[in-house]
Amino acid sequence: MADDLEAASDAYRAALQRVQDGLAEVASARADVPKVRERLATAIVTAYRDGQRVGEIARVAGYGREQVRRILRAAGVEPGDTGALDA
């Protein structure tokens, strides 16, 4: 019976450690989001200026077309610049 108590206690401590490790991983990922989001925005603008259509950019980026348009406008890219906003 003491062996079962020790095994259960060890399993509990291991589970708590996995939770702590998971929380640290989440915190690290959250810290990365702003710079990764900026990198994606830069890549969206570059792709648009290279002639990719908004619909294709949206599909690859996982955004809706209107979000891609907002990102482009925030970067100072207006309709008529290289690319096609209404695609």
Side-chain angles (χ1 to χ4, degrees):
M1 184 139 33
D3 289 340
D4 188 40
L5 175 60
E6 192 169 323
S9 181
D10 289 346
Y12 177 71
R13 281 192 293 278
L16 286 176
Q17 186 59 53
R18 288 194 316 269
V19 168
Q20 290 302 314
D21 294 345
L23 291 173
E25 180 65 25
V26 167
S28 175
R30 281 191 177 147
D32 289 343
V33 167
K35 58 189 161 198
V36 174
R37 184 181 292 137
E38 182 61 34
R39 178 179 171 199
L40 179 57
T42 299
I44 286 170
V45 171
T46 299
Y48 183 76
R49 287 190 171 143
D50 287 346
Q52 262 191 289
R53 298 173 68 84
V54 169
E56 178 64 13
I57 294 169
R59 185 188 67 74
V60 172
Y63 285 149
R65 285 185 284 186
E66 188 53 38
Q67 181 63 27
V68 170
R69 289 182 189 104
R70 277 191 286 252
I71 291 167
L72 292 170
R73 288 184 188 111
V77 177
E78 295 296 329
D81 289 348
T82 304
L85 270 181
D86 37 325

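Computed over heavy atoms, backbone and side chain alike; hydrogens, waters and symmetry mates excluded. What you see is a predicted model, and the numbers here were worked out from it, not measured in a lab.
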query: What's the verdict on side chain to side chain contact (heavy atoms under 4.5 Å, CB included) for I57 and Y63, showing C-alpha distance, side-chain angles and the deciding distance?
result: CA-CA 8 Å; I57 294 169; Y63 285 149; over 6 Å; no

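For the atom pair CZ (R37) and OG1 (T42), the distance works out to 13.0 Å, reported to the nearest 0.5 Å.
Through direct or relayed side-chain contacts under 4.5 Å between Ile, Leu, Val, Met, Phe, Trp and Tyr, L16 connects to Y12.
S9 pairs by the side-chain hydrogen bond (donor to acceptor under 3.5 Å, both in side chains) definition with R13, not counting sequence neighbours.
A heavy-atom distance below 4.5 Å is not found between the side chains of V68 and Y48. Counting only heavy atoms from C-beta outward, the side chains of Q20 and L23 approach each other to under 4.5 Å. For the pair L40 and I71, the minimum side-chain heavy-atom distance is 4.5 Å or more.
Counting non-hydrogen atoms of other residues, nucleotides and ligands closer than 6.0 Å to CD of E6 gives a total of 12 or fewer. Enclosure of atom CZ in R70 by more than 12 non-hydrogen atoms of other residues, nucleotides or ligands within 6.0 angstrom is indicated.
Salt bridge status for E56 with R65: absent, with no side-chain N to carboxylate O gap under 4.0 Å.
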Donor-acceptor pairs under 3.5 angstrom involving side-chain atoms of residues 25-35: please list them, not counting sequence neighbours.
| residue | atom | partner | partner atom | Å |
| --- | --- | --- | --- | --- |
| D32 | OD1 | K35 | NZ | 3.3 |

